[in-house]
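The block underneath contains the structure these notes are about, expressed in structure tokens.
Throughout, numbering of the chain's residues begins at 1 and tracks the sequence.
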Amino acid sequence: MKKESWSWGGIPKASHQVVNLRWRTDTINFAGFTASCLPYGLGRSYGDVPINDEGILVRTTALDRVIAFDAETGVLHCEAGISLGDILRVVVPRGWFLPVTPGTQFVTLGGAIANDVHGKNHHCAGTFGCHVLGFELLRSSGEKLWCTPTEHADYFAATIAGLGLTGLILTAKIQLTKIAANKIDVNNQAFNGLDEGLDLFEQHEDTTYTVAWVDCLTRGAQLGRGIFSGGEFSQTESRKNLATKRLAVPLDFPSFSLNKYSVQAFNNLYFANGKRKSGRGVTDYEPFFYPLDKVHAWNRIYGRKGFYQYQCCIPFGEANEGREAIREMLNQISLSGNASFLAVLKVFGDKQSPGMLSFPEKGITLALDFPNWGDKTQRLFDRLDAIVREQNGKNYPAKDACMKAADFQQQYPQWQAFAKFIDPKFSSSFWRRVTQENA
């Protein structure tokens, strides 16, 4: 039976057959598949990376068991379908935390590896793949490979940031980071323009976790104003894992709900509230790392037409070229009137990922959510793409739904070398889209 499914952004919708994997010892009849397949976890990738239209999705979320955990060394071995949130519920009370985490805990361990996720501490810790000790990879031939930096090292490099195309990750072993408490000592500071915000990142380069929310609808001297947040795990011992109250979006909002005026009103209120609360404080880890997780199905706010996330990385360059490129991108967004109240700015460091197709590189990364306004949104993306192209920047495949094939192939020159490791039974709508020469 075919089922309609889609990415977190709701674009594109597609039809799939779904195969549910319940045990890592299950035998999968890959030879009997009449179409290509793709691993599928919790579906939090935004574009068509988790989509395999008219193909097969192998659902992995039942593989959610902890195999071994050494509370002395922080080495954790789990099945790949376990969520990061479930990992945290096991390890935080014992004084450990994920070495790197994205902005949601509703991501599987296998998905975190396949997209080589990054977080607020990239300048210190690099990507998730930097902390993977090994994983078991099932190929469609039935062969199982235990991949580490030294054993099947080629498949290790290809699978990290490999978009789920090299095979099915069954289990993985990672190195956690030690913490004294589940509290975060946080320092919030409002800034009135882009330069002031980027200066704060430089001033706090020794702070482990740094991020900024940016108002992308302002202009003139206030272009790029926002709220900077720096954080460190508290040294005051307290490991009680507190339950978080969650809200839910029960239905799709009307498409007209998010417009320039409603988002501008939200941004004004958010900035004013952030400015009022600027200063030092203490918070639990969940609201610091996962603010949107408090609202279940928040993607429904964007309505049935869905939304795009656009995330790029701009190298620092010389003579503040990176800053000027980000400034021009914000200017183009403001002039376009495309509304984004989820605009996040971070700084990437120079720690190299082991993944062949990993996204981060030293520079500034900007991530924004845009309602799907059709051609108007696409025209904005064309202008943003031109800036990224001019600066030799990159776009993030896990967030993408419309990257041009020529741009992907330019930004990820190892794609052809990577293609040699793709399992012959695996494919995705994203991969087919960005590897067509004339797309």
Distance-minimising heavy-atom pair for [X] and [Y]:
X: A125; Y: V100; value: CB-CG2, 4.1 Å
X: P291; Y: F288; value: CD-O, 4.0 Å
X: V58; Y: C37; value: CG2-CB, 4.1 Å
X: N395; Y: Q411; value: N-OE1, 2.8 Å
X: T177; Y: L98; value: CG2-O, 3.6 Å
X: P315; Y: G393; value: CD-CA, 3.8 Å

Whether the side chain of [X] engages the backbone of [Y] through a donor-acceptor N/O pair (distance < 3.5 Å, no angle test) should be reported.
X: Q105; Y: L84; value: no
X: H122; Y: G349; value: yes
X: T148; Y: T150; value: yes
X: D284; Y: E286; value: no
X: Q409; Y: V434; value: yes
X: Q309; Y: L368; value: no
X: W415; Y: T435; value: no
X: D215; Y: G226; value: no
X: R65; Y: A62; value: yes
X: Q175; Y: T73; value: yes

I need the [X] [atom1] to [Y] [atom2] distance, nearest 0.5 Å.
X: N121; Y: Y209; atom1: CG; atom2: OH; answer: 5.0 Å
X: I169; Y: I160; atom1: CD1; atom2: CD1; answer: 8.0 Å
X: R383; Y: Q378; atom1: CZ; atom2: CD; answer: 11.5 Å
X: I174; Y: C130; atom1: CD1; atom2: SG; answer: 13.0 Å
X: L330; Y: L345; atom1: CG; atom2: CG; answer: 8.0 Å
X: K144; Y: E136; atom1: NZ; atom2: CD; answer: 5.0 Å

Legend entry - F421: ring-ring contact (aromatic ring centres under 6.0 Å, His included) partners, not counting sequence neighbours: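 With sequence neighbours excluded, F421 shows a ring-ring contact (aromatic ring centres under 6.0 Å, His included) to Y155, given in chain and number order.
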Inset, instruction - Sequence neighbours left out, what passes ring-ring contact (aromatic ring centres under 6.0 Å, His included) with F156? Give chain and number order. - result: F135
Verify whether the ring centers belonging to [X] and [Y] lie closer than 6.0 Å.
X: Y308; Y: Y46; answer: no
X: F201; Y: F228; answer: yes
X: F430; Y: F408; answer: yes

Legend entry - Test: K404 cationic atom under 6.0 Å from F381 six-membered ring centre, within 45° of axis: no
Inset, instruction - Decide whether a cation-pi geometry holds between R379 and W373; the criteria are a distance under 6.0 Å from NZ or CZ to the six-membered ring centre and an angle within 45° of the ring axis. - result: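 That pair does not qualify as a cation-pi contact.
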Inset, instruction - Starting from the C-alpha separation in whole Å, work towards a yes-or-no answer on side chain to side chain contact (heavy atoms under 4.5 Å, CB included) for K346 and H118. - result: CA-CA 10 Å; K346 295 193 292 285; H118 56 269; 3.9 Å; yes
Legend entry - W431 and F418: CA distance, side-chain angles, deciding distance, ring pair (Phe, Tyr, Trp, His ring centres under 6.0 Å) verdict: CA-CA 12 Å; W431 188 254; F418 164 81; 5.4 Å; yes
Inset, instruction - Measure the shortest side-chain to side-chain distance between I87 and F69 over non-hydrogen atoms and say whether it is less than 4.5 angstrom. - result: no
Inset, instruction - Report the C-alpha distance between N188 and S229 in whole Å, list the side-chain angles of each, state the deciding distance to 0.1 Å, and finish with yes or no for side-chain hydrogen bond (donor to acceptor under 3.5 Å, both in side chains). - result: CA-CA 5 Å; N188 295 322; S229 295; 2.7 Å; yes
Please name all residues satisfying side-chain hydrogen bond (donor to acceptor under 3.5 Å, both in side chains) with [X], sequence neighbours left out, ordered by chain then number.
X: E202; answer: R323
X: E232; answer: T208
X: R22; answer: none

Do other residues, nucleotides or ligands put more than 12 heavy atoms under 6.0 Å from [X] [atom1]?
X: Q410; atom1: CD; result: no
X: E390; atom1: CD; result: no
X: W23; atom1: CH2; result: no

What I want to check is whether the side chains of [X] and [Y] have a donor and an acceptor closer together than 3.5 Å.
X: E54; Y: Q17; value: no
X: S429; Y: D53; value: no
X: K399; Y: Q311; value: yes
X: D385; Y: Y310; value: yes
X: S427; Y: R432; value: yes
X: Y396; Y: T365; value: no
X: T159; Y: T166; value: yes

Legend entry - Check against side-chain hydrogen bond (donor to acceptor under 3.5 Å, both in side chains), E361 and Q352: CA-CA 8 Å; E361 62 181 59; Q352 188 70 34; over 6 Å; no
Inset, instruction - Describe, in one word, how the ring planes of F348 and F359 are oriented to each other, choosing from parallel (under 30°), tilted (30 to 60°) and perpendicular (over 60°). - result: perpendicular
Legend entry - Ring geometry between Y285 and F289 (parallel below 30°, tilted from 30 to 60°, perpendicular above 60°): tilted
Legend entry - Full working for side-chain hydrogen bond (donor to acceptor under 3.5 Å, both in side chains) between S7 and D48: CA-CA 7 Å; S7 69; D48 53 2; over 6 Å; no
Inset, instruction - Evaluate the side chain to side chain contact (heavy atoms under 4.5 Å, CB included) criterion for residues F316 and I364: first the C-alpha distance (whole Å), next the side-chain angles of each, then the deciding distance (0.1 Å), finally the verdict. - result: CA-CA 7 Å; F316 283 122; I364 308 166; 3.6 Å; yes
Residues 109-117 side chain polar contacts: donor-acceptor under 3.5 Å, at least two apart:
{"from": "N115", "atom 1": "ND2", "to": "G111", "atom 2": "O", "distance (Å)": "3.1"}
{"from": "D116", "atom 1": "OD1", "to": "T127", "atom 2": "OG1", "distance (Å)": "2.8"}
{"from": "D116", "atom 1": "OD1", "to": "G129", "atom 2": "N", "distance (Å)": "2.8"}
{"from": "D116", "atom 1": "OD2", "to": "T127", "atom 2": "OG1", "distance (Å)": "3.0"}
{"from": "D116", "atom 1": "OD2", "to": "S353", "atom 2": "OG", "distance (Å)": "2.6"}
{"from": "D116", "atom 1": "OD2", "to": "S358", "atom 2": "OG", "distance (Å)": "2.6"}

Inset, instruction - Please report the C-alpha distance between R433 and D400 in whole Å, then the side-chain angles of each, then the deciding distance to 0.1 Å, and finally whether the salt bridge (charged side-chain N to carboxylate O under 4.0 Å, His left out) criterion is met. - result: CA-CA 11 Å; R433 173 168 62 85; D400 179 71; 2.8 Å; yes
